Visitor: 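Quick one: the structure is below, questions incoming.
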Amino acid sequence: GVTYRNGAAVRLGDVGNVLDDVQDNRTASWYSGTRSVVLAIQRQPGTNTVAVTTAVKDLMDQLRATMLSAYRQLPFEQAPAYREMFRQLAAGELPMIVNCTAGKDRTGIAIALILTALDVPRELIVEDYALSSALLAGHRFPDNGSGMLGQLPPDAVRAIMGSDPAYLAAAFAAIEQHHGSIEAYL
């Protein structure tokens, strides 16, 4: 329920300290030696824990497959933008700001292409890309107005907003399959 005082709703900040933060930013989880997000599903009265666990796993698998598919398509969908970016770089039209909504999909590929053109080793490029997930761990992503993020469980949002090295590997593999090499694509 909502409590009113003098005709106005009483907000939590009126009666206590409110923090917009994660519950615990000092605890981390690992699975098989890799930093991971652990989703704990606990039995609730009237629920089927196995069915809930299966549904969550299926959703995560679907989201990962969707992200991998998107990353296979992005280099080709964004080719005109990447071409213009490289034209400006070659012409010395600097400084340049490269960004997108989440800052890791179109931008992640753009920066990976720039680093590749500069002969940065692939392992370092992937490591750099994966840093976004580490830097955004615990960050709360606001809903962009479409309602999509607000309707998903937090682990699903992290799968979409994460920078899984497999995503970038999928983009590189698609480019290499279609063009033979990243250099030929560029």
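As the structure is a prediction and not an experimental result, all values here were calculated from the model.
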Visitor: Drop me the distance from Tyr129's OH to Asp105's CG, to the nearest 0.5 angstrom.
Guide: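 Result: 6.0 Å between the selected atoms.
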Visitor: Starting at CG of Leu113, measure out to CD1 of Ile175 and round the result to the nearest 0.5 Å.
Guide: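 Output value for this atom pair is 5.0 Å.
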Visitor: For the atom pair OG (Ser163) and NZ (Lys104), what is the distance rounded to the nearest 0.5 Å?
Guide: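 Rounded to the nearest 0.5 Å, the OG-NZ separation comes to 7.0 Å.
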Visitor: Closest approach of Ala110 and Tyr82, non-hydrogen atoms and distance?
Guide: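 It is CB-CE2, 3.5 Å.
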Visitor: Can you confirm whether Pro75 sits close enough to Ile109 that some side-chain heavy atom of one is under 4.5 Å from a side-chain heavy atom of the other?
Guide: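 In contact.
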Visitor: Would you list the pairs meeting salt bridge (Lys or Arg N to Asp or Glu O under 4.0 Å) in which at least one residue belongs to residues 117-131, sequence neighbours left out?
Guide: Arg122-Glu176
Visitor: For the residue pair Ile111 and Ile125, establish whether any side-chain heavy-atom pair is separated by less than 4.5 Å.
Guide: no
Visitor: If only atom types and distance count, is the side chain of Thr66 paired as donor or acceptor with the main-chain N or O of Gln62 below 3.5 Å?
Guide: yes
Visitor: With sequence neighbours left out, what residues match Tyr185 under ring-ring contact (aromatic ring centres under 6.0 Å, His included)?
Guide: His179
Visitor: To the nearest 0.5 Å, how far apart are CZ in Phe86 and CG in Leu186?
Guide: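 It is 4.5 Å, given to the nearest 0.5 Å.
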Visitor: From the options Arg83, Met85, Arg106, select the one residue that forms a side-chain contact (heavy atoms from CB on, under 4.5 Å) with Gln78.
Guide: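 Testing Gln78 for a side-chain contact (heavy atoms from CB on, under 4.5 Å) against Arg83, Met85, Arg106 leaves exactly one candidate, Arg106.
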Visitor: Could you work out, with salt bridge (Lys or Arg N to Asp or Glu O under 4.0 Å) as the rule, every residue matching Asp61, not counting sequence neighbours?
Guide: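 Expected list: Lys57.
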Visitor: Please name all residues satisfying salt bridge (Lys or Arg N to Asp or Glu O under 4.0 Å) with Glu77, sequence neighbours left out, ordered by chain then number.
Guide: none
Visitor: In chain order, what residues pass the salt bridge (Lys or Arg N to Asp or Glu O under 4.0 Å) check against Asp164, with sequence neighbours excluded?
Guide: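 Listed in chain order: Arg64.
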Visitor: Please name the pair of heavy atoms, one in Leu168 and one in Ala112, separated by the smallest distance, quoted to 0.1 Å.
Guide: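 Distance-wise, the nearest heavy atoms are CD1-CB, 3.8 Å.
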Visitor: Of all the heavy-atom pairs spanning Ala174 and Phe76, show the shortest one and how long it is.
Guide: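 Heavy atoms of Ala174 and Phe76 come nearest at O-CZ, 3.5 Å.
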Visitor: For Leu89 and Leu94, which heavy atoms make the closest approach, and how far apart are they?
Guide: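 Shortest heavy-atom separation between Leu89 and Leu94 comes out as CD2-CD2, 3.6 Å.
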Visitor: What pairs with Glu183 under side-chain contact (heavy atoms from CB on, under 4.5 Å), at least two apart in sequence or on another chain?
Guide: Thr116, Ser181
